[in-house]
Amino acid sequence: MDCVQAQQLLSEAFDAELVDAARLAEAKSHCAGCPECTGFARGLLVLRTPGPTAPESLIGAVVARVESEIAQQAAAEAAAKAAAATADTRRAADGAAAAASATAAADSAIPRKRPSRWQTGWGIAAAAAVVIGFAMLTQYGIRLMADPFGTGQEAARTANDSVTSTDLGSAPAPGAESQSQGQRYAEAAKAPAFVVFRGQVYRLHGSRETSGAAVASIGSVKTARDGSGSPSAVTVYSDPTSSNGLLLPSEGSAPSYVAFVPVTRTLKGRTYVLSSEEDIDRFGEWPKLPSKYPEPASPDGSPIFFDGGADDAGAKIFVPRGGEAEDGFAIAPSMPAADPSAGNPNWTWWSPYF
Amino acid sequence: MRREEDLTADIEAARTGDTIAFERIVRAHADAVYGHALRFFGEHQAAEDAAQEVFLKVYRSLSAFDGRSSFSTWLYAVTRNVCLDLFRRGKRRPLPVDPLAAPDPAVPDFAEGVTQARALEAAMASLAPEDRDALGAVTLFGLSYAEAAGVLAVPVGTVKSRVFRARRTLLHLLSEDAKGGVA
């Protein structure tokens with residue numbers, strides 16, 4: 001064994017790497033008779049000198065910035081909620097006014113005798129009851145009356161709603177030419193089969209026949225798959241054929257598995273993954289924005305997000321106020337068919353994929 | 001070194017906005033992050049700025065940390081990317097490699113350990129960036145060779161060679177310093 005070989009073995013052993021015991025013994029034996037290698041071995045202890053110490057000011061500055069960011073997000077959420085509440089109040093008033101004018105128009109079309117005071121009083125009460133009745137209709141019903149064909153303004157107001165695939169059953173027929181709520185519903189396809197693993201969304205990729213010995217359990221996901229029952233924990237395994245895939249056991253018999261891959265896109269060559277704070281209970285449902293980001297009130301992302309440019313495929317990305325795209329970004333609903341989030345009726349969040 | 005269970009608990013708490021838990025995470029790893037940045041940029045303010053950016057990114061990305069790699073491995077990747085990004089954006093310049101960099105024997109100190117630490121850090125400037133990277137991954141962040149190889153996207157054998165080469169270079173420079181001059 002020469003000096004370089006001996007010193008390299010010592011270097012590896014010093015880092016607690018696994019080395020062949022016999023070879024290490026040979027290296028130590030070599031050192032016993034070699035001043036240079038003995039010096040190297042002692043030098044490893046010198047190199048163990050602690051590295052630079054971070055200044056206390058760094059820690060204080062980091063915590064201060066994080067606390068400031070939390071406060072800014074809370075303020076943005078409050079502003080978005082206030083904007084949503086104002087929009088809701090306006091919709092209710094519009095609906096009530098429309099109901100009142102519809103009642104008045106109907107009354108004026110019917111020839112009648114001049115009402116008595118008694119009849120006038122009951123008429124006013126009846127009109128009030130109609131107004132209250134209409135005002136008690138669902139938000140959705142009022143929206144339909146106020147704007148049955150869906151304008152861009154209406155689409156902006158309704159962008160606050162968190163839409164899931166279960167809402168699609170009550171959606172109106174697709175409306176007119178503009179990007180309306182109805183059009184969004186029409187474009188919103190049933191979601192691919194998604195599961196969420198440690199905050200990242202994976203989509204079904206196919207089946208896999210593999211030996212049980214080749215896979216290792218790495219955790220679990222919560223899903224009801226395509227069933228209607230309650231979601232439950234399902235063990236997930238590493239996919240030996242993929243560096244980032246997951247395997248779930250087939251609902252048939254082992255050793256069959258179904259494979260999932262992360263839903264990703266790239267920005268400036270770096271990979272970002274579709275993220276979800278919550279489990280997706282069953283196939284066909286869509287992920288939502290993290291709870292710290294309310295749904296924007298406008299298709300342009302405001303007031304929560306602003307234009308962050310485009311990803312590598314040209315899809316428009318949106319960045320939180322005060323944030324940077326490389327830390328994560330949002331994608332708007334109604335992405336086209338080629339997009340990884342095609343058909344999603346919700347805004348989605350994409351995080352750096354490590 | 002904090003127990004892994006404590007770190008896992010702090011990560012979970014920090015995800016919910018617990019800044020006290022996040023501060024514990026920062027304290028436990030600040031030296032490694034700052035040390036890497038200092039060796040990359042060679043200047044304290046730049047290192048402190050970069051370290052702040054690292055921890056902000058860590059905070060914003062905690063939900064994306066899936067635990068498949070160790071936290072240290074993930075943190076090293078973030079640290080490395082932040083330093084490279086700051087350099088690419090033109091915001092900071094990395095420390096140029098100085099093959100003649102030698103520890104300054106004239107710096108007066110009263111503790112041999114402090115002198116040794118300063119000498120060692122000065123000698124780091126002479127290392128090739130890839131060797132310094134590999135050495136830092138292993139000694140500052142505690143990564144195994146395999147973990148470092150994963151982050152650096154090189155074979156494990158390459159990490160072994162770079163770490164070894166870095167140590168040989170450092171020991172050579174430190175021994176030259178002990179003799180009172182640079183060869």
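Within every chain, numbering begins at 1; the chains are lettered A, B, ... in the order of the sequence lines, protein sequences first and strands thereafter.
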Mind jotting down which residue pairs meet the ring pair (Phe, Tyr, Trp, His ring centres under 6.0 Å) criterion with at least one end in residues 24-73 of chain A? Sequence neighbours excluded, please.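 Pairs touching residues 24-73 of chain A that pass the test: A:F40-B:F164.
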Measure [X] against the heavy atoms of chain A and call it side chain, backbone, both or neither at under 4.5 Å.
X      : value
B:Y59  : side chain
B:E121 : side chain
B:S144 : both

Shorter than 4.5 Å, heavy atoms on both sides: which option in [options] has the most such pairs with chain B?
options                      : result
A:V63, A:V273, A:I218        : A:V63
A:L44, A:V4, A:L10, A:T53    : A:T53
A:G219, A:P290, A:A61, A:P55 : A:P55

To the closest 0.5 Å, what do you measure between [atom1] ([X]) and [atom2] ([Y])?
X     : Y      : atom1 : atom2 : result
A:R65 : B:F55  : CZ    : CZ    : 13.0 Å
A:L47 : B:R168 : CG    : CZ    : 13.0 Å
A:I59 : B:H29  : CD1   : NE2   : 12.0 Å
B:K57 : A:E324 : NZ    : CD    : 5.5 Å
B:T16 : A:E277 : OG1   : CD    : 10.5 Å

Exercise. Could you go through the side-chain contact (heavy atoms from CB on, under 4.5 Å) check for B:L170 and A:V46 one step at a time?
Key: CA-CA 10 Å; B:L170 288 172; A:V46 172; over 6 Å; no
Can you tell if the side chain of B:L56 reaches within under 4.5 Å of the side chain of A:V62, non-hydrogen atoms only?
->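 B:L56 does not reach A:V62 side chain to side chain.
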Worksheet item: Taking side chain as C-beta onward, heavy atoms only, is A:P52 less than 4.5 Å from B:R39?
Response: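 A side-chain contact under 4.5 Å exists here.
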*With B:R165, which residues qualify under salt bridge (charged side-chain N to carboxylate O under 4.0 Å, His left out), at least two apart?*
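So B:R165 forms a salt bridge (charged side-chain N to carboxylate O under 4.0 Å, His left out) with B:D131.
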Is any NZ, NE, NH1 or NH2 atom of the basic residue among [X] and [Y] found under 4.0 Å from an Asp or Glu carboxylate oxygen of the other?
X      : Y      : value
A:K268 : B:D85  : no
B:R60  : A:E326 : no
A:E17  : B:K160 : no

Note to self: Donor-acceptor check, side chain of A:E67 to backbone of B:T19, threshold 3.5 angstrom: yes or no?
What the structure shows: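 Checking the backbone N and O of B:T19 against the side chain of A:E67, no donor-acceptor pair under 3.5 Å is found.
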Open item on the list: Restricting to non-hydrogen atoms, name the atom on A:S57 and the atom on B:E48 that form the minimum distance, rounded to 0.1 Å.
Closed with: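 Shortest heavy-atom contact: OG-OE2, 2.8 Å.
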